[in-house]
Q: 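Could you have a look at this structure, given as structure tokens, before my questions?
First listed ligand is number 1; within each ligand, the first listed atom is number 1. What you are looking at is a predicted structure, and each value in this text was computed from that prediction instead of being measured.
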Amino acid sequence: MKILVTGTSGQLARSLAARAQGQAEIVLVGRPDLDLDNPATFAPVLKSVAPDMVINAAAHTGVDQQEDEPERAFRHNAEAPAELARLTRLAGIPIVQISTDYVYDGTSTRPYVETDMPNPQTVYGRSKLAGEEAVRAGNPDHLIVRTAWVVSRYGRNFVKTMLSLAATRDRLQVVADQFGNPTEAHDLADGLLAAAASWQQRGGFPQRLYHLAGQGRASWYDLASHVFAISASVGGPSAVVEPVGSDQWPAKAARPANSELSSEAFSRDFNFRAGQWREQVGALVTELIGTPSR
Ligand SMILES: NC(=O)c1ccc[n+]([C@@H]2O[C@H](COP(=O)([O-])OP(=O)(O)OC[C@H]3O[C@@H](n4cnc5c(N)ncnc54)[C@H](OP(=O)(O)O)[C@@H]3O)[C@@H](O)[C@H]2O)c1
């Protein structure tokens with residue numbers, strides 16, 4: 001099975017390429033050949049790659065930045081997926097759209113399930129929800145997967161930021177009143193590849209939305225503390241973490257207080273369960289300390 005993945009340097013794109021060996025041929029295509037700002041680039045790429053499936057892993061992921069540039073956010077996160085959905089339907093192939101926990105407002109007192117009502121509070125969340133709706137409308141053979149708090153050895157993410165800050169600072173303040181599911185990108189890629197294999201066996205996707213995120217709940221403070229505990233244990237940088245409230249750490253985009261996701265439906269339908277975040281992040285930090293330049 002040949003899968004075209006949008007984006008070349010993204011955490012998920014690189015993880016799919018790294019994890020697919022023997023399961024699927026992954027073709028990463030990004031700018032300038034495939035540019036979310038220029039939907040006219042999509043059709044020639046689809047024609048030349050001739051994939052069996054598209055995974056749209058490219059997005060505008062700058063959550064705060066998007067508050068100042070909503071048009072660009074919607075162009076990348078809603079209009080581009082709409083065009084990809086239209087083109088994949090014309091080509092008779094499925095599309096997998098990756099979405100986010102930030103479609104929820106974070107007021108739930110239990111993990112969100114897929115039937116819960118989205119109520120995004122940010123431009124990012126609204127644009128990603130519009131992307132889901134566009135893919136659902138544009139190609140009946142689709143899979144929409146909401147994930148959360150993605151960390152990896154690639155690109156920029158919270159774990160790598162913490163480790164690099166600890167190289168120069170002894171103490172760090174980290175938000176302790178926002179909760180979610182840290183998700184290791186290799187793990188997310190494994191789940192998507194399991195779903196792709198299931199599509200191949202069944203000849204289609206169940207036409208529904210799924211959550212797929214790491215198991216277990218954490219605050220950013222919990223995550224930072226765990227990163228430094230593991231890092232210190234393997235001789236890497238460490239810092240004292242001070243818990244602070246979101247009100248002490250103002251950001252342009254208000255994050256959900258609790259965006260914990262239940263991934264039970266994905267586990268049941270695709271026989272795949274993401275790992276416990278503590279184990280996944282522990283292994284990631286250990287690897288990053290051993291190979292710092294990525
Ligand atoms: N990161 C998270 O915590 C998180 C949480 C929930 C959901 N998600 C969703 O998960 C998916 C994967 O996220 P990620 O963490 O892998 O993202 P990422 O590391 O920020 O990578 C974003 C990707 O989008 C590509 N991209 C950005 N602008 C583009 C443009 N104009 N044309 C073509 N490609 C463009 C980038 O391309 P280049 O390779 O050219 O830079 C890069 O490959 C996204 O849909 C995101 O919304 C992420």
Side-chain angles (χ1 to χ4, degrees), residues 4-19 26-42 45 54-66 69 71-81 83-84 95-104 106 112 118 120 122-132 134-135 143-161 178 180-189 191-192 209-214 218 220 223 253 255-256 259-261 263 274 277 281 294:
L4 184 139
V5 177
T6 59
T8 50
S9 68
Q11 299 189 81
L12 177 57
R14 291 184 67 184
S15 297
L16 283 161
R19 300 295 285 184
I26 300 288
V27 182
L28 303 182
V29 188
R31 293 172 278 192
D33 301 322
L34 184 151
D35 189 341
L36 300 180
D37 272 316
N38 183 8
T41 58
F42 301 169
V45 165
V54 169
I55 299 181
N56 183 25
H60 190 335
T61 54
V63 176
D64 289 317
Q65 192 189 347
Q66 289 175 54
E69 45 186 45
E71 282 175 17
R72 187 155 170 248
F74 274 81
R75 203 161 56 242
H76 287 193
N77 295 344
E79 291 163 27
E83 180 62 1
L84 282 170
I95 180 166
V96 178
Q97 171 70 9
I98 312 302
S99 192
T100 172
D101 55 330
Y102 283 17
V103 299
Y104 297 115
Y112 283 97
T122 58
V123 169
Y124 174 64
R126 284 194 287 279
S127 68
K128 293 293 287 186
L129 184 62
E132 293 182 10
V135 166
L143 183 72
I144 296 168
V145 177
R146 290 179 185 154
T147 190
W149 294 32
V150 179
V151 297
S152 71
R153 62 271 294 144
Y154 313 116
R156 289 193 308 174
N157 58 68
F158 183 85
V159 168
K160 291 176 78 176
T161 300
Q178 290 167 17
N181 307 103
T183 305
E184 209 281 319
H186 275 186
D187 215 15
L188 175 61
L192 294 174
L209 165 73
Y210 290 94
H211 293 163
L212 177 57
W220 295 111
L223 180 52
R255 271 71 171 168
S259 60
E260 193 183 354
L261 302 177
S263 302
W277 76 262
V281 170
R294 289 205 179 242

Q: Nearest to atom 10 (O) of ligand 1, what protein heavy atom do you find, and at what distance?
A: I98 CG2, 3.3 Å
Q: Apply side-chain hydrogen bond (donor to acceptor under 3.5 Å, both in side chains) to the pair Y112 and R146, showing each step before the final yes or no.
A: CA-CA 11 Å; Y112 283 97; R146 290 179 185 154; over 6 Å; no
Q: Among all protein heavy atoms in this structure, tell me which lies nearest to atom 43 (O) of ligand 1, with the distance rounded to 0.1 Å.
A: G10 N, 3.0 Å
Q: Could you list which atoms of ligand 1 come closer than 4.0 Å to a heavy atom of L34?
A: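 Answer for ligand 1: 32 (N), 33 (C).
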Q: Show your working on side-chain contact (heavy atoms from CB on, under 4.5 Å) between T161 and R156 and close with a plain yes or no.
A: CA-CA 7 Å; T161 300; R156 289 193 308 174; 5.6 Å; no
Q: If you take the centroid of each ring, where Trp contributes its six-membered ring, are Y124 and H76 closer together than 6.0 Å?
A: no
Q: Is there a polar contact, in the sense of an N or O pair closer than 3.5 Å, between G7 and ligand 1?
A: no
Q: Return yes if some donor-acceptor pair links the side-chain N/O of K128 with the main-chain N/O of I98 below 3.5 Å, else return no.
A: yes
Q: Looking only at protein heavy atoms, which one is nearest to atom 25 (C) of ligand 1, and what is the separation?
A: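 For this ligand atom, the closest protein heavy atom is A58 CB, 3.7 Å.
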Q: Could you walk me through whether T6 and F42 pass the side-chain contact (heavy atoms from CB on, under 4.5 Å) check?
A: CA-CA 10 Å; T6 59; F42 301 169; over 6 Å; no
Q: Go through ligand 1 atom by atom and flag the ones less than 4.0 Å from a non-hydrogen atom of L12.
A: 12 (C), 16 (O)
Q: Side chains of Y102 and P120: does their closest heavy-atom pair fall under 4.5 Å?
A: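 Not touching, per the 4.5 Å side-chain cut-off.
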Q: Report yes or no: does a heavy atom of F158 sit under 4.0 Å from some atom of ligand 1?
A: no
Q: Going by heavy atoms, is S152 under 4.0 Å from ligand 1?
A: no
Q: Does the pair R255/D101 count as a salt bridge with the N-to-O cut at 4.0 Å?
A: no
Q: Purely on distance, is any nitrogen or oxygen of S9 under 3.5 Å from one on ligand 1?
A: yes
Q: Working to the nearest 0.5 Å, report the span between CG of L36 and CZ of R75.
A: 10.0 Å
Q: Under a 4.0 Å N-O cut-off, is there an ion pair linking R72 with E79?
A: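 Answer for the salt bridge query: no.
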Q: Can you tell me how the ring of H186 sits relative to the ring of Y154, calling it parallel under 30°, perpendicular over 60° and tilted otherwise?
A: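 Geometry flag for Y154 against H186: tilted rings.
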Q: Is the shortest heavy-atom distance from the side chain of N157 to the side chain of V150 under 4.5 Å?
A: no
Q: Answer with yes or no whether A57 contacts ligand 1, where contact means a heavy atom under 4.0 Å from a ligand atom.
A: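 Distance cut 4.0 Å: A57 passes for ligand 1.
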Q: Mind checking whether D35 has an N or O less than 3.5 Å away from an N or O of ligand 1?
A: yes
Q: Can you measure from CG (L28) to CZ (R14) and round to the nearest 0.5 angstrom?
A: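 Output value for this atom pair is 9.5 Å.
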Q: Which protein heavy atom lies closest to atom 17 (O) of ligand 1, and at what distance to 0.1 Å?
A: T61 CG2, 3.7 Å
Q: Between S99 and ligand 1, which part of the residue brings a heavy atom under 4.0 Å of the ligand: side chain, backbone, both or neither?
A: backbone
Q: Pick whichever of Y154, Y124, Y102 has a heavy atom sitting closest to atom 8 (N) of ligand 1.
A: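 Closest candidate by heavy-atom distance is Y124.
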Q: Within the structure, is a non-hydrogen atom of H76 found at a distance of less than 4.0 Å from ligand 1?
A: yes
Q: Should V150 be counted as touching ligand 1, given the test is an N or O pair under 3.5 Å?
A: yes
Q: Which protein non-hydrogen atom lies closest to atom 5 (C) of ligand 1, naming both residue and atom, and how far is it?
A: W149 N, 3.7 Å
Q: Please state which part of K128 comes within less than 4.0 Å of ligand 1, counting heavy atoms only: side chain, backbone, both or neither.
A: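 Contact part for K128 vs ligand 1: side chain (C-beta onward).
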Q: To the nearest 0.1 Å, how far is atom 24 (O) of ligand 1 from its closest protein heavy atom, and which atom is that?
A: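 Protein heavy atom with the smallest distance to atom 24 (O) of ligand 1: A59 N, 3.1 Å.
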Q: With a 6.0 Å cut-off (strictly less than), is the heavy-atom count around CD of E69, excluding the residue itself, greater than 12?
A: yes
Q: Looking only at protein heavy atoms, which one is nearest to atom 6 (C) of ligand 1, and what is the separation?
A: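 The closest heavy atom on the protein side is T147 O, 3.3 Å.
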Q: What protein heavy atom lies closest to atom 15 (O) of ligand 1? Include the residue and the distance to one decimal.
A: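 Result for atom 15 (O) of ligand 1: Q11 NE2, 3.0 Å.
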Q: Do L223 and W277 have side-chain heavy atoms sitting under 4.5 Å apart?
A: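 Contact flag for L223/W277 side chains = yes.
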Q: Of the backbone atoms (N, CA, C, O) and the side-chain heavy atoms from C-beta on, which set of T8 has a member under 4.0 Å from an atom of ligand 1: side chain, backbone, both, or neither?
A: both
Q: Quick check: does R31 get an N/O under 3.5 Å from an N/O on ligand 1?
A: yes
